[in-house]
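These notes are about the structure you will find just below.
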Protein chains: 2
Amino acid sequence: MSFPSTPVTDTPPTAPAQGPAFSPLYQQIKGLILQGLEAGEWRPGELIPSEMELAARFRVSQGTVRKAIDELAAENLVMRRQGKGTFVATHAAQQVQYRFLKLQPDVGDLREEGRAQRQIIDCKRLRAPAEVARLLALRSGDAVMQVRRVLAFAGVPTILEEIWLPGQAFKGLTAEQMGSYQGPTYAMFELEYGVRMVRADEKIRAVLPDAEQAELLAVSNSTPLLSVERVAYTYNDVPMELRRGLYRTDTHHYRNALN
Amino acid sequence: MSFPSTPVTDTPPTAPAQGPAFSPLYQQIKGLILQGLEAGEWRPGELIPSEMELAARFRVSQGTVRKAIDELAAENLVMRRQGKGTFVATHAAQQVQYRFLKLQPDVGDLREEGRAQRQIIDCKRLRAPAEVARLLALRSGDAVMQVRRVLAFAGVPTILEEIWLPGQAFKGLTAEQMGSYQGPTYAMFELEYGVRMVRADEKIRAVLPDAEQAELLAVSNSTPLLSVERVAYTYNDVPMELRRGLYRTDTHHYRNALN
DNA sequence: TAGTGGTCTAGACCACATA
DNA sequence: ATGTGGTCTAGACCACTAC
């Protein structure tokens with residue numbers, strides 16, 4: 001068993017309990033499981049140990065482990081399947097494909113449209129511009145990969161995007177690789193680079209395209225487009241991707257559920 | 001005690017358990033609490049009975065009630081406060097004001113900008129156009145209220161919106177009422193009309209304004225704007241508001257967190 | 001048949017708020 | 001001091017999956 005049987009320390013009853021202190025047991029367990037996920041002890045799509053097993057390992061009750069896993073499941077980091085076990089979430093899973101893509105056709109469903117056709121415009125290694133560096137928590141001038149591509153649905157070019165990735169983690173990324181992989185790009189990132197995106201933030205604006213953008217999307221330069229700037233994070237809130245997209249919204253719309 | 005002491009029926013062990021059947025106990029309890037919320041037994045902002053009290057009323061354990069309330073809290077229908085109790089959620093609560101408004105200033109915070117200035121353009125009673133009727137689950141031609149207004153932040157007109165409400169539930173709504181109420185419009189709806197919005201769906205597009213829209217927002221007619229069509233629902237997925245907004249995104253942006 | 005997660009219970013103790 | 005929600009445990013049984 002490669003995972004150390006870490007005994008969870010009780011809060012010393014004599015300690016003055018200063019500062020932030022006090023974290024519920026299940027939060028500590030959640031943290032330990034998270035460490036395993038980060039460390040790659042269990043890879044995306046794999047089964048993690050059963051609740052009973054984790055309870056024995058951490059010397060807590062099954063109920064405490066359950067509550068820890070409940071929170072991980074609520075954050076989409078793992079997926080429970082009754083009768084089978086708990087699995088590390090993956091962007092390759094059929095049910096959650098394109099989890100971060102909120103663009104929907106006005107009629108029908110994205111999955112019915114079939115796979116998007118991808119046209120890679122270029123894939124370069126560059127020095128990070130200041131703004132890109134800032135959003136990726138790099139230093140200005142650090143190496144980054146830049147990919148530009150167009151996604152077409154049903155033959156209609158709909159999304160033009162510019163993807164920026166930390167050069168260190170994505171060393172060796174090629175246009176060929178971006179173009180040939182079937183399925184979500186985020187699934188490829190997991191498989192080829194061991195980088196799993198767990199959440200993202202988007203800033204959305206309405207803009208007009210410049211001449212090049214208009215041509216790539218086959219629209220006039222007076223066609224308003226959605227500008228979607230996304231920063232995607234891996235574990236521990238580490239930013240690992242900046243994606244700047246232009247979406248055509250004449251036949252599609254950005255859909256958002258507010259709770 | 002106005003709430004009947006409803007005994008929860010066990011699934012008859014002899015019943016053939018056909019069809020969908022089988023709902024966990026805590027889901028049934030959740031449904032019963034929901035009925036109380038819908039019926040207005042406890043109003044927005046009020047305290048609901050303690051877990052122990054509900055457990056006694058429904059003849060189940062406290063743990064089962066807790067799980068029911070956990071789900072209601074996750075859906076923002078109630079709010080728990082340790083040591084005090086569980087409260088019916090309200091749009092008037094300081095912490096969740098403007099829960100459905102995703103527009104943020106590029107620098108700073110909406111709350112720091114102070115209250116929005118509201119300019120009511122008009123407030124009319126109309127017969128519902130076909131599309132409005134469809135989205136509000138009414139019949140074409142049914143009475144609806146229409147409010148048009150401009151919201152300005154720091155003196156800059158930023159949002160132009162058109163609000164459609166079912167005429168029956170919002171009989172008597174006036175421009176004066178829309179303009180004079182301090183705080184979120186949704187809080188006024190709760191207070192004055194007993195209608196609580198619990199979730200919403202938005203469809204977002206990039207558009208260009210027509211002449212009137214451009215003038216009201218003080219932009220040129222070639223300034224791209226966000227078009228945000230929101231349908232807000234009360235309990236039981238009943239649509240109660242259609243709101244069509246145009247957002248300026250030169251100094252603000254629409255912010256979305258992806259999980 | 002065995003193992004998994006899902007539900008339900010009962011009881012103990014903790015942290016927080018109020019009187 | 002009392003009552004609230006929050007945590008933790010232990011054990012029982014249920015539903016689903018696989019062998």
Side-chain angles (χ1 to χ4, degrees), chain A residues 7-33 42 46-74 77-89, chain B residues 7-33 42 46-74 77-89:
Chain A
V8 175
T9 59
D10 287 287
T11 306
T14 57
Q18 56 168 11
F22 179 64
S23 170
L25 234 197
Y26 77 89
Q27 288 282 6
Q28 300 175 41
I29 302 302
K30 181 184 172 190
L32 291 172
I33 299 174
W42 316 292
E46 281 183 10
L47 198 57
I48 72 171
S50 75
E51 295 178 351
M52 286 302 279
E53 206 170 328
L54 289 169
R57 176 177 300 183
F58 297 131
R59 317 276 182 77
V60 298
S61 76
Q62 186 205 9
T64 300
V65 170
R66 171 177 295 272
K67 183 145 188 185
I69 294 180
D70 278 347
E71 290 208 350
L72 293 171
L77 294 172
V78 300
M79 235 189 41
R80 325 187 73 145
R81 288 166 71 181
Q82 184 173 150
K84 303 187 74 170
T86 300
F87 298 79
V88 182
Chain B
V8 175
T9 60
D10 286 286
T11 307
T14 56
Q18 58 169 9
F22 178 63
S23 171
L25 233 197
Y26 76 89
Q27 289 282 6
Q28 300 175 41
I29 302 303
K30 181 185 170 188
L32 291 173
I33 299 174
W42 316 292
E46 282 183 9
L47 197 58
I48 72 171
S50 74
E51 294 178 352
M52 287 302 278
E53 205 171 328
L54 289 169
R57 177 178 299 183
F58 297 131
R59 317 276 183 78
V60 298
S61 77
Q62 186 204 10
T64 300
V65 171
R66 171 176 296 272
K67 184 145 188 186
I69 294 180
D70 278 346
E71 291 207 350
L72 293 172
L77 295 173
V78 299
M79 235 189 42
R80 326 187 72 146
R81 288 166 72 183
Q82 185 173 153
K84 302 189 73 171
T86 300
F87 298 79
V88 181

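Below, chain A is the first sequence line, B the second, and so on; all start at residue 1.
If you measure from atom CG of Leu47(A) to atom P of dA18(D), you get 11 Å, rounded to the nearest angstrom. As rounded to whole Å, 12 Å separates atom P of dT17(D) from atom CE of Met79(A). Atom CZ of Phe87(A) and atom P of dT17(D) are 11 Å apart (whole Å). With rounding to whole Å, Leu25(B) atom CG is found 11 Å from dT9(C) atom C1'. Atom-to-atom, NZ of Lys30(B) to P of dT7(C) comes out at 12 Å; the value is rounded to the nearest Å. Rounded to an integer number of Å, the gap from CD of Glu51(B) to C1' of dG11(C) is 15 Å. Between the NZ atom of Lys67(A) and the P atom of dC8(C) there is a distance of 17 Å, given to the nearest Å. Between the C1' atom of dG3(D) and the CD1 atom of Ile48(B) lies a distance of 15 Å, rounded to the nearest Å.
Counting non-hydrogen atoms under 4.0 angstrom, Gln82(A) reaches a base of the nucleic acid.
Taking only side-chain atoms of Arg80(B), from C-beta outward, the nucleotide of dC8(C), dG6(D), dG5(C) with the closest atom is dG6(D). Candidate nucleotides dG5(C), dG6(D), dT7(D) were compared by shortest atom distance to the side chain of Tyr26(A), and dT7(D) ranks first. Comparing dC8(D), dC8(C), dG5(D) by their closest approach to the side chain of Ser61(A) singles out dC8(D). You'll find that the side chain of Lys84(B) is closest to dA17(C), out of dG5(C), dC8(D), dA17(C).
Here the closest non-hydrogen pair linking Pro49(B) and Arg57(B) is CG-NH2, 4.1 Å. The heavy-atom pair separating Arg80(A) from Ala73(A) by the smallest distance is CG-CB, 4.1 Å. What you find for Leu47(B) and Trp42(B) is that their closest heavy atoms are O-CD1, 4.2 Å.
Each of Gly83(A) and Asp70(A) lies near DNA chain C, and the nucleotide nearest Gly83(A) is the one positioned closer to the 5' end. Comparing Arg81(A) and Pro49(B) by the nucleotide of DNA chain D that holds the closest heavy atom to each, the one mapping nearer the 5' end is Pro49(B). Heavy-atom nearest nucleotides on DNA chain D were determined for Gln62(B) and for Gln27(A), and the one closer to the 5' end corresponds to Gln62(B).
Considering only side-chain N and O atoms, Thr64(A) lies nowhere under 4.0 angstrom from the phosphate OP1 or OP2 of dT7(D). In this model, the phosphate group of dG5(D) is approached by a side-chain N or O of Thr86(B) to a distance below 4.0 Å at OP1 or OP2.
Between the side chain of Arg66(A) and the base of dG6(C), a donor-acceptor pair under 3.5 Å is found.
With Ile33(B) as the fixed residue, the side-chain contact (heavy atoms from CB on, under 4.5 Å) test singles out one of Thr86(B), Leu77(B), Leu72(B): Leu72(B).
Side-chain contact between Glu53(B) and Val65(B) is absent, with no heavy atoms from C-beta onward closer than 4.5 Å.
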